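These notes concern the structure reproduced below.
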2 protein chains.
Amino acid sequence: MTKSEKFDSSFRVLAIVSKAMSHPARITILKYLAEVKTCISGDISKEIPLSRTTVLQHLKELKKVGLIHGEVEGSKVNYCLCQKSIKKYKGLFAEFLGSLDVEVVCKNESNC
Amino acid sequence: MTKSEKFDSSFRVLAIVSKAMSHPARITILKYLAEVKTCISGDISKEIPLSRTTVLQHLKELKKVGLIHGEVEGSKVNYCLCQKSIKKYKGLFAEFLGSLDVEVVCKNESNC
DNA sequence: AAAATATGTCGTAAATTTACGACATATTTT
DNA sequence: AAAATATGTCGTAAATTTACGACATATTTT
């Protein structure tokens with residue numbers, strides 16, 4: 001259904017990244033990773049009010065778009081922010097939202 | 001289920017805006033509105049490869065978070081970008097993604 | 001070795017999202 | 001007034017997302 005090769009490729013990328021950030025748990029995880037400034041164990045269900053499996057699921061979503069990456073170390077997996085993609089996505093969002101910042105002329109001038 | 005008062009309020013806002021931008025059709029609509037620099041009829045299904053009702057549905061999503069707003073004018077509705085919220089959200093994203101830009105110290109230094 | 005810890009894998013229920021068609025209604029056009 | 005145009009409202013199917021629990025397995029600890 002959402003077989004959207006119908007849409008512009010760069011728009012699809014933007015949509016995919018947005019989707020990765022479209023859940024408060026995932027935003028919380030990203031922020032947490034930035035705050036502790038280190039890699040965390042995959043089991044951060046103590047920090048997030050969700051079960052371990054659900055948190056794992058969210059970590060997988062973030063990993064899928066490259067916002068984080070995980071390194072296996074013995075019996076645990078350390079997840080870290082991926083600075084490279086974060087910078088890239090920051091640029092993408094700034095560019096896109098910036099491109100929306102234009103003077104719009106409407107008949108009815110009650111702009112919002 | 002996603003009764004997430006569990007999460008920080010500002011994180012929830014970010015998630016809601018991200019969700020609004022998480023579909024290529026909606027990104028396309030926003031970009032189109034910026035390009036034509038005017039208000040468009042609710043029926044832009046000629047520009048978007050989706051049916052009229054589906055496009056309407058997407059317009060509603062964008063309206064819900066305030067990225068666009070529609071003005072009824074006779075038998076038609078003109079949708080416009082809402083500069084106010086676009087600027088606000090641009091700031092939010094820049095601030096959030098900027099806050100993720102920190103030096104992360106991991107044991108295994110293969111940062112991405 | 002046994003217990004504890006950390007993950008991984010499945011399956012599943014409930015909620016949402018996405019995409020449309022069928023109608024109904026209101027407004028313009030001709 | 002009739003036809004055309006622009007929306008609005010419903011209902012629905014199929015796909016996805018979200019949240020968990022039950023087990024299985026691998027690795028550390030004790």
Side-chain angles (χ1 to χ4, degrees), chain A residues 1-7 11-12 15-30 38-65 67-80 106-108, chain B residues 1-7 11-12 15-30 38-65 67-80 106-108:
Chain A
M1 188 167 50
T2 312
K3 267 285 169 209
S4 37
E5 275 98 29
K6 303 173 179 175
F7 300 100
F11 291 173
R12 275 184 282 156
I16 285 169
V17 182
S18 296
K19 182 179 268 177
M21 296 179 28
S22 73
H23 193 290
R26 293 196 286 270
I27 296 281
T28 306
I29 291 172
L30 289 174
T38 44
C39 296
I40 57 169
S41 145
D43 187 5
I44 48 168
S45 44
K46 295 107 193 174
E47 297 290 333
I48 308 284
L50 291 172
S51 80
R52 184 182 65 84
T53 29
T54 303
V55 170
L56 233 295
Q57 228 170 213
H58 285 307
L59 285 169
K60 262 180 196 158
E61 293 294 314
L62 292 171
K63 211 175 158 185
K64 206 167 60 185
V65 299
L67 278 165
I68 66 173
H69 71 291
E71 287 160 5
V72 179
E73 188 197 324
S75 79
K76 51 172 59 183
V77 177
N78 296 313
Y79 288 95
C80 312
C106 284
K107 306 180 179 171
N108 186 334
Chain B
M1 188 168 49
T2 312
K3 269 285 170 209
S4 39
E5 275 99 27
K6 302 172 180 176
F7 300 99
F11 290 173
R12 276 185 282 158
I16 285 168
V17 182
S18 296
K19 183 179 267 177
M21 298 179 27
S22 73
H23 193 290
R26 293 196 287 270
I27 296 282
T28 305
I29 291 171
L30 290 174
T38 45
C39 294
I40 56 166
S41 144
D43 188 4
I44 47 166
S45 44
K46 296 107 192 173
E47 297 290 333
I48 306 283
L50 290 172
S51 80
R52 183 182 65 84
T53 28
T54 303
V55 169
L56 233 295
Q57 228 171 214
H58 285 306
L59 286 168
K60 262 179 196 158
E61 292 294 314
L62 291 171
K63 211 175 158 187
K64 207 168 59 184
V65 299
L67 278 165
I68 66 175
H69 70 292
E71 287 161 4
V72 179
E73 187 197 327
S75 80
K76 50 172 59 183
V77 178
N78 297 313
Y79 288 95
C80 312
C106 284
K107 306 180 180 171
N108 185 335

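Letters A, B, ... mirror the listed sequences (proteins, then strands); counts begin at 1. Small disclaimer: the values here were computed from a predicted structure and weren't measured.
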- Item | First of A:Ser51 and B:Ile40 reached from the 5' end of DNA chain D, by closest nucleotide | B:Ile40

- Message: Of the options D:dG8, C:dA19, C:dT7, whose atoms approach the side-chain atoms of B:Leu56 most closely?
- Response: D:dG8

- Query: OP1 or OP2 of D:dT17 less than 4.0 angstrom from a side-chain nitrogen or oxygen of A:His58, does that happen here?
  - Reply: no

- Message: From CD1 of B:Ile16 over to P of C:dT16, roughly how many Å is that when rounded to an integer?
- Response: 13 Å

- Query: Residues in side-chain hydrogen bond (donor to acceptor under 3.5 Å, both in side chains) with B:Ser41, at least two apart?
  - Reply: none

- Query: Which nucleotide in the list C:dT18, D:dC20, D:dG8 gets nearest to the side chain of B:Arg26?
  - Reply: C:dT18

- B/S/- along nucleotides 22-30 of chain C (protein heavy atoms under 4.0 Å) is B----SS--

- Message: Taking any heavy-atom pair under 4.0 Å as a contact, classify A:Gln57: base, sugar-phosphate, or nothing.
- Response: base

- Nearest to side-chain heavy atoms of B:Asp43, which nucleotide of C:dT7, C:dA19, D:dT7: D:dT7

- Atom-to-atom span, NZ of A:Lys60 to C1' of C:dG8 - whole angstrom: 7 Å

- Item | Most 5' of B:Lys64 and B:Pro49 on DNA chain C, judged by nearest nucleotide | B:Lys64

- How long is the gap from CD1 on B:Ile27 to CZ on A:Phe7, to the nearest 0.5 Å? 11.0 Å

- Message: Taking the minimum atom-to-atom distance to the side chain of B:Thr54, which one of D:dT17, C:dT7, C:dC20 wins?
- Response: C:dC20

Side-chain polar contacts of residues 53-65 of chain B - donor-acceptor pairs under 3.5 angstrom, sequence neighbours left out - could you list them?
| unit_1 | atom_1 | unit_2 | atom_2 | d |
| --- | --- | --- | --- | --- |
| B:Thr53 | OG1 | B:Ser51 | OG | 3.4 |
| B:Thr54 | OG1 | B:Ser51 | OG | 3.1 |
| B:His58 | ND1 | B:Arg26 | NH1 | 2.9 |

- Message: Hydrogens and angles aside, do B:Glu71 and B:Asn78 bring a side-chain donor and acceptor to less than 3.5 Å of each other?
- Response: no

- Item | Atom pair NE2 (B:His23) and NZ (A:Lys19), whose distance is rounded to the nearest 0.5 Å | 7.5 Å

- Query: Given atom CD of B:Glu47 and atom P of D:dA6, what is their separation to the nearest angstrom?
  - Reply: 14 Å

- Item | First of B:Tyr79 and A:Leu50 reached from the 5' end of DNA chain D, by closest nucleotide | B:Tyr79

- Task: Check the distance between C:dT18's P and B:Met21's CE and give it to me in whole angstrom.
- Result: 14 Å

- Would you write out the dot-bracket form of DNA chain D, 5' to 3', with Watson-Crick and G-U pairs under 3.5 Å, [ ] for crossing pairs, | for pairs to other strands and . for unpaired bases? ||||||||||||||||||||||||||||||

- Query: Separation of B:Lys6 atom NZ from D:dA19 atom C1', in whole Å?
  - Reply: 8 Å

- Message: Side chains of B:Met21 and B:Leu67, heavy atoms from C-beta outward: is any pair under 4.5 Å?
- Response: yes

- Note on the structure: Here the gap from B:Lys6 atom NZ to A:Thr28 atom OG1, rounded to the nearest 0.5 Å, amounts to 11.5 Å

- Item | Under the side-chain hydrogen bond (donor to acceptor under 3.5 Å, both in side chains) test, residues paired with B:Ser45 that sit two or more places apart | B:Asp43

- Take the protein atom CD1 of A:Ile44 and the nucleotide atom P of C:dT5, then report the distance between them rounded to whole Å. 19 Å

- Query: Just to confirm, is there a sub-4.0 Å distance from OP1 or OP2 of D:dT17 to any side-chain nitrogen or oxygen of B:Lys19?
  - Reply: no

